[in-house]
Amino acid sequence: DEAPMELGGEQGRWEEERLKTASLSFGARKERELGLKQEQDRYQLVLEEEEMIDFVSTAITMKGTRSDKDEAESALSQAELKKRSMQEVRRSLPIFPYREDLLAAITEHQILVIEGETGSGKTTQIPQYLLEDGYTKGGMKIGCTQPRRVAAMSVAARVAEEMSVKLGNEVSPEVGYSIRFEDCTSERTVLKYMTDGMLLREFLTEPDLASYSVIIIDEAHERTLHTDILFGLIKDIARFRPDLKVLVASATLDTERFSCFFDDAPVFRIPGRRFPVDIFYTKAPEADYLGACVVSVLQIHVTQPPGDILVFLTGQEEIEACCEMLQERCRRLGSKIAELVVLPIYANLPSDMQAKIFSPTPPGARKVVVATNIAETSLTIDGIIYVIDPGFCKQKSYNARTGMESLIVTPCSRASANQRAGRAGRVAAGKCFRLYTAWAFKHEMEETTVPEIQRTNLGNVVLLLKSLGRSEETAAMLARRCPPCSLLCVCAGINDLIHFDFMDPPPHETLVLALEQLYALGALNHLGELTKLGRRMAELPVDPMLSKMILASEQYKCSEEVLTIAAMLSVNNSIFYRPKDKVVHADNARMNFVVPGGDHLVLLNVYTQWVESGYSTQWCYENFIQFRSMRRARDVRDQLEGLMERIEVEVVSCSGDNVPIRKAVTAGYFYHTARLSKGGYRTVKHQQTVFVHPNSSLFEEQPRWLIYHELVFTTKEFMRQVTAALLHVIEIDSGWLLEVAPHYYKSKELEDSSSKKMPRKQGKAREELG
Ligand code: CDP
Ligand code: MG
């Protein structure tokens, strides 16, 4: 007895609108199935361009009959919205009636778990309530963590607006945010939104968070690595800081577990308001979900009543492709359809663009927001009635045996899918179109997402925890402040990582591997104690390998260049612009930047030329380089350069000699070494087969030894950003590996017997030259 339209998981609350419209001639059930079938057929249909036009013109006739009324209605609601002041909006949020009860509960309990539907006002309102209630007296701060950068920024901007202050501004600096490589706070900031990673770093300078009166760990259900570590640390300091209030805020997921972890802290529930959401599944799996998204958006646009659309995709590349396709279709359809405002949202989107998703839809138009899973619970966009969910997300996965970390597009969990669908029912009854089958929902999706701590490399966090525990000043300071037993809790807990208070412990082998890697990098000694190098590495807010690379550049006297490379690597793969209609031009432009040696040197070359152009926008445009990414690289570089001063690394240039640069890269990334072998490359340490990414400057060349920056798994395991290095131009001399990592590689592992016989391409000649 499988109803074709089905309710998601535990969400029995979602009603089925269609039941009410059942006609008399058939049995209600029959009619419902029929109606649904038609709707689904229409929805499933992947239209060719011409068909689309036909289809659209019929839809326009349909629309003609109701558009006048709609426009009047939506204009009315715009005016009405404007009329209502910000304060009224605040008072209309579901959390508002519970303001006093909530504040009373916070007074009474040191640790409180707060559960509420997404959009109920937890993130924007609670800090303001606390501020109004006097929690920032004497300049104490209220900190609120967010797993995502975009959320931290946009929520801070919203709160500043509600309080009529300028964000992080010197004149009225009450509200600010802090994310990696961007600090928008001042001495006078009292409401501080930040990423969970940034609060973690604050423990380095202020191990008891003395300047905070309240810490809100928001979006706790996301269970990011940093949030999970914060749980342990904050639970610990709360023991000897009875004045510190700890709030753990989460969407309606997992709250019992939080309560249990925090010694049975009470749970404060904010009853949500939710309208019914109809859920539609496809009858067969979608091979091309991106194409299916585009068609679905247009179909909703031309057949469905007003209301904005939210599409969930997995990342920037997909989102940009989808937006381009939508805009292209709309351009071709021209005035045949009503205006469709297409807006992307993802982590690297510049803030001025981010703000756009919150601005009201113009009358008569429809907004479509194409988002990553940031819009699942972190951000609430008002006016969404339709959700399109292809059912995927990008997830980190980690193989603790080989130490391989990769980002993989995987099916999202049922919990995620239900959160996504819920976005459609916030302002009115909505519809959620799932681009997968009901069967897949039931049988192929996991119930919940595995916490990040169990599927990621822990090097970074272990290094940070090590440096928290070992600092003698820290210990001395804590000893002054707190009773001896607490001191034991803090220091012992962190040093002995195996016994750290994890909500869900990471796999044992992952911890061991992290310690091993840190040892290989020279950050820990053979007793597992932090070395001087390790302490300096922890100061840099980047992965241990990257920070080792930066610190090694001191020794090789090329910090100027290596800083640039580090910054360029941090902005990821969005440097080169490759529009579909100019692929050949873009690829040629890219080829012009190729220099021998590998991608790291190519990145350096791009940046250097950009600097020579005077940081020109025009130059970027002409060379198919993304200006925004370059601007960000420049910011990151400035930040890193500032930190270099703090850890006393002199910034010097090797002026054109790239051997030192490649040595520094190798010193950081020797763990990522691969050797050419039959049918691809093999990693030296674990003999895993990997391939050079087609975008790499070394794709054709295939040098014998490679150092890669990261692995991405798409169709196969690709190495992205690779460098070949050898005294003789292209290869890594195995001697280097022994030089930079003597206690990691044994010379036997690097003996090159097998690959000598490998057939070679262009590399051959150079090898002989060398
Ligand atoms: O944290 P929670 O999901 O409970 O809700 P919130 O983020 O505090 O959002 C409360 C309200 O503020 C929602 O109605 C949002 O639409 C609105 N908001 C906004 O208009 N602009 C933002 N940048 C953030 C929130
Ligand atoms: Mg929130």
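Start at 1 and go down the list; that is how both ligands and their atoms are numbered. Numbers for residues simply follow the sequence, beginning at 1.
Considering backbone and side-chain atoms alike, Val155 places every N or O at 3.5 Å or more from each N or O of ligand 1. Inclusion of Asp382 in the set of residues having an N or O under 3.5 Å from an N or O of ligand 1 is warranted. Between Glu162 and ligand 1, a contact under 3.5 Å exists for no N or O pair. Looking at Ser120 next to ligand 1, an N or O pair under 3.5 Å apart turns up. An N or O contact shorter than 3.5 Å links Thr123 to ligand 1 by distance. Considering backbone and side-chain atoms alike, Arg158 places an N or O below 3.5 Å from some N or O of ligand 1. Remark: ligand 1 and Arg426 share an N or O pair separated by less than 3.5 Å (distance only, no angle test). Inclusion of Ile381 in the set of residues having an N or O under 3.5 Å from an N or O of ligand 1 is not warranted.
Side-chain contact annotation: Thr195 with His226, donor-acceptor N/O pair under 3.5 Å absent. The closest side-chain donor-acceptor pair between Tyr177 and Gln146, if any, does not fall under 3.5 angstrom.
Both tests pass for Lys141 against the ring of Tyr212: distance under 6.0 Å to the centre and angle within 45° of the axis.
The shortest contact between atom 5 (O) of ligand 1 and any protein heavy atom is with Gly121 N, 3.1 Å. With hydrogens left out, the protein atom closest to atom 8 (O) of ligand 1 is Thr124 OG1, 2.6 Å, a heavy atom.
Atom CD of Glu446 is surrounded by 12 or fewer heavy atoms from other residues, nucleotides or ligands within 6.0 Å.
Only the side chain of Leu93 comes within 4.0 Å of ligand 1, judged by heavy-atom distances.
The only option from Ile114, Val248, Val113, Leu112 that meets the side-chain contact (heavy atoms from CB on, under 4.5 Å) definition with Val267 turns out to be Val113. Under the side-chain contact (heavy atoms from CB on, under 4.5 Å) test applied with Arg366, the options Ile337, Leu340, Val302 reduce to a single match, Leu340. Screening Val341, Ile345, Leu343 for a side-chain contact (heavy atoms from CB on, under 4.5 Å) with Lys356, the sole residue that qualifies is Leu343.
With respect to the salt-bridge test (charged N to carboxylate O, under 4.0 angstrom), the residues Arg241 and Asp208 do not qualify. The pair Arg99-Glu132 meets the salt-bridge criterion, with a side-chain N (NZ, NE, NH1 or NH2) lying under 4.0 Å from an Asp/Glu carboxylate O.
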Could you walk me through whether Tyr135 and Tyr129 pass the ring pair (Phe, Tyr, Trp, His ring centres under 6.0 Å) test, one step at a time? CA-CA 9 Å; Tyr135 279 89; Tyr129 294 170; over 10 Å; no

Audit row: Thr123, Asp218, side-chain hydrogen bond (donor to acceptor under 3.5 Å, both in side chains) steps and yes/no: CA-CA 7 Å; Thr123 312; Asp218 201 0; 2.6 Å; yes

Side chain to side chain contact (heavy atoms under 4.5 Å, CB included) between Asp228 and Arg223, worked out: CA-CA 6 Å; Asp228 265 22; Arg223 301 292 308 277; 2.7 Å; yes

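Interface of Thr118 with ligand 1, defined as ligand atoms under 4.0 Å from a residue heavy atom, comprises 3 (O). Heavy-atom proximity to Glu117, at under 4.0 Å, picks out these atoms of ligand 1: 4 (O). Residue-ligand proximity, Gly119 to ligand 1, at heavy-atom distances under 4.0 Å covers atoms 2 (P), 3 (O), 4 (O), 5 (O), 10 (C). Within ligand 1, the atoms closer than 4.0 Å to a non-hydrogen atom of Lys122 are 1 (O), 2 (P), 3 (O), 4 (O), 5 (O), 8 (O), numbered from 1 in the order shown. Atom numbering of ligand 1 starts at 1 in the shown order; those under 4.0 Å from a heavy atom of Thr380 are 15 (C), 16 (O). Close approach of ligand 1 to Ser154 is summarised as follows: ligand atoms under 4.0 Å from at least one heavy atom of the residue are 23 (N).
The closest approach between Gly116 and ligand 1 stays at or above 4.0 Å for every heavy atom of the residue.
Taking the side chain as every heavy atom from C-beta outward, Lys431 and Gln304 approach each other to under 4.5 Å.
Under the 3.5 Å distance criterion, the side-chain polar atoms of Ser120 are matched with a main-chain donor or acceptor of Glu117.
Thr314 is linked by a side chain to side chain contact (heavy atoms under 4.5 Å, CB included) to Tyr289, Glu318, Phe392, Lys394, Val409, counting only residues two or more places apart in sequence or in another chain.
Taking distances strictly below 2.8 Å, the protein N/O/S atoms close to the Mg ion (ligand 2) are Thr123 OG1.
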